[in-house]
Amino acid sequence: MNLLEALSVGIGPRTAGSDEAAQAADTVADAFRELGLEPRFQEFELVGYEADEPELEVEGERWPAGPCMYAHSFDGEGTVRRIGDSAAPVGDRRLATFALIDADGREVARLLTSPFSRGAIPFMSSHTHITTPPTAFVSAENSARLRDGMRVRLKVGGRFLPGRRERNVIAEIPGKLDEHVIVSAHYDSVYRGPGAIDNASGVEGVRRLGEVFAGRELERGITLIGFAAEEIKLTGSRLYVDEAKIRGELERVAGVVNLDCIARGENLNVLASPDAMRDRSVEAARALGLLDRYQLVTGPATGGVDPHWFAQEGIPAVTLAHFPYDEYHLPDESPDLADEQLIGDTVALAGALVVSLVEHPVAR
């Protein structure tokens, strides 16, 4: 089974809590079974969100806008005022934030700058789910065109869907010791996004690594995880870490190797913590000749990727990604964009790091 095709074409958009996300979890579990493993589900409840397409007019001109997940509804007009900026989820860019001011001088809605991609993408704001104001995203190009005092009309809508369920998909390859290395990728996607690159490619990478390691005699075990609900503030991985803390299981996690967006993109991103994990990852990339092939970008394991919660607990963790790319979170992010060379190189690097962590974990 090729999970890149199965998830992005066979299922398509698979937002957290949707029927399609449930189908995706079953598909990932079936792929793990094909490796001779016995997957299990870590189930949890969540409030889903079904977005409407935002409608945005600026000075009478219709602008493309991307929905903000969990935004409250709004239909009205006002003037733009830049109120500040925020950090991009990955990297050191600052993103302009604008308020929509009504005739009474109240802030009634927000316009945020899309952090990546060529267009106005579906994304989440820095607010928690239940406090997200009426919000839409504009492209970086259009964000640069906004000026204080411009007249804006905005319609934002969506439905909160309580009682939804999600599932992390987990399969274990045993080792001699009662410790394990997590190999992970998230399987959900965004509103109207088939998510071939983000992140069916990463889940396919996890499947290939499972194929390599299943049945091997290992010093430490390997746990394959397809995380749910990454696109809504890393919810599936957070639940996994929270539960492991409660049950006293985090001490048995020797490290995390996470794959996210591994099939297209300008740079090889190594997002790792602590520094020793970063250094080991970079040296492994150098040994494979990848630094001659790709521009290297490094950063911490924290931020907008699933290892964030593990790194906060002091667990050595790395995300491997090829990023950025123009089609991120857009409907045309299709499998034909995938570069098999990038997938193969990233899986090779991930495999080298898994072997290294299984045999010689990075000190906490």
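- A 6.0 Å sphere centred on CZ of Arg118 holds more than 12 heavy atoms belonging to other residues, nucleotides or ligands.
- Ion pair Glu333/Arg264 not flagged as a salt bridge, since none of the NZ, NE, NH1 or NH2 atoms sits closer than 4.0 Å to an Asp/Glu carboxylate oxygen.
- Nearest heavy atom pair, residue Gly304 against residue Glu230, reads O-OE2, 3.4 Å.
- The number of heavy-atom neighbours closer than 6.0 Å to NZ of Lys233, taken from other residues, nucleotides and ligands shown, is above 12.
- Residues Leu56, Val58, Phe74, Val80, Phe98, Leu100, Val108, Leu111, Val138, Leu146, Met150, Val152, Leu154, Val156 make up the rest of the hydrophobic cluster containing Trp63, defined by ILVMFWY side-chain heavy atoms closer than 4.5 Å, directly or through other members.
- Side-chain atoms of Ser139 come within 3.5 Å of backbone atoms of Asn142 as a donor-acceptor pair (strictly under, hydrogens ignored).
- At distances below 3.5 Å, not a single donor-acceptor pair connects side-chain atoms of Asn258 with backbone N or O atoms of Val256.
- At distances below 3.5 Å, at least one donor-acceptor pair connects side-chain atoms of Asp148 with backbone N or O atoms of Arg82.
- With sequence neighbours excluded, the residues satisfying salt bridge (Lys or Arg N to Asp or Glu O under 4.0 Å) with Arg153 are Asp75, Glu77.
- Judged by distance alone, with hydrogens and angles left aside, the side-chain atoms of His72 form a donor-acceptor pair with the main-chain N or O of Thr132 at under 3.5 Å.
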Test side-chain hydrogen bond (donor to acceptor under 3.5 Å, both in side chains) on Ser356 and Arg280 and set out the steps. CA-CA 9 Å; Ser356 175; Arg280 185 180 294 195; 2.7 Å; yes
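- Using a 4.5 Å heavy-atom threshold, the side chains of Phe310 and Tyr240 count as touching.
- By the 4.0 Å N-to-carboxylate-O rule, Lys245 lies too far from Asp242 to be salt-bridged with it.
- Salt bridge Glu57/Arg62: absent, no basic N to carboxylate O contact under 4.0 Å.
- In summary, the aromatic rings of His129 and Tyr49 are positioned with their centroids too far apart to meet the 6.0 Å limit.
- Arg167 has a carboxylate O that lies under 4.0 Å from a charged side-chain N of Asp26, or vice versa, which qualifies the two as a salt bridge.
- Of all heavy-atom pairs spanning Ala228 and Glu166, the tightest one is CB-OE1, 3.4 Å.
- Rounding to the nearest 0.5 Å gives a distance of 8.0 Å between CD of Glu327 and OG of Ser334.
- Contact check for Ile225 versus Val169: no side-chain heavy atoms found under the 4.5 Å cut-off.
- Proximity of the aromatic rings of Phe123 and His329 is defined here by a centroid distance below 6.0 angstrom, and this criterion is met.
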- Could you walk me through whether Arg208 and Glu340 pass the salt bridge (charged side-chain N to carboxylate O under 4.0 Å, His left out) test, one step at a time? CA-CA 13 Å; Arg208 295 186 190 187; Glu340 182 58 38; 2.6 Å; yes
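- For Arg364, the side-chain contact (heavy atoms from CB on, under 4.5 Å) criterion is met by Glu251, Val253, Ile315, Pro316, not counting sequence neighbours.
- The closest donor-acceptor contact from the side chain of Arg14 to the backbone of Gln23 lies at 3.5 Å or more, if one exists at all.
- In Glu61, the CD atom is crowded: over 12 heavy atoms of neighbouring residues, nucleotides or ligands sit closer than 6.0 Å.
- Aromatic ring centres of Tyr328 and Phe323 lie closer together than 6.0 Å.
- Taking the side chain as every heavy atom from C-beta outward, Asp198 and His186 approach each other to under 4.5 Å.
- For the pair Phe213/Val355, a side-chain contact is recorded, criterion being any heavy-atom separation below 4.5 Å from C-beta on.
- Remark: the backbone N or O of Leu259 is paired with a side-chain donor or acceptor of Asn199 at under 3.5 angstrom.
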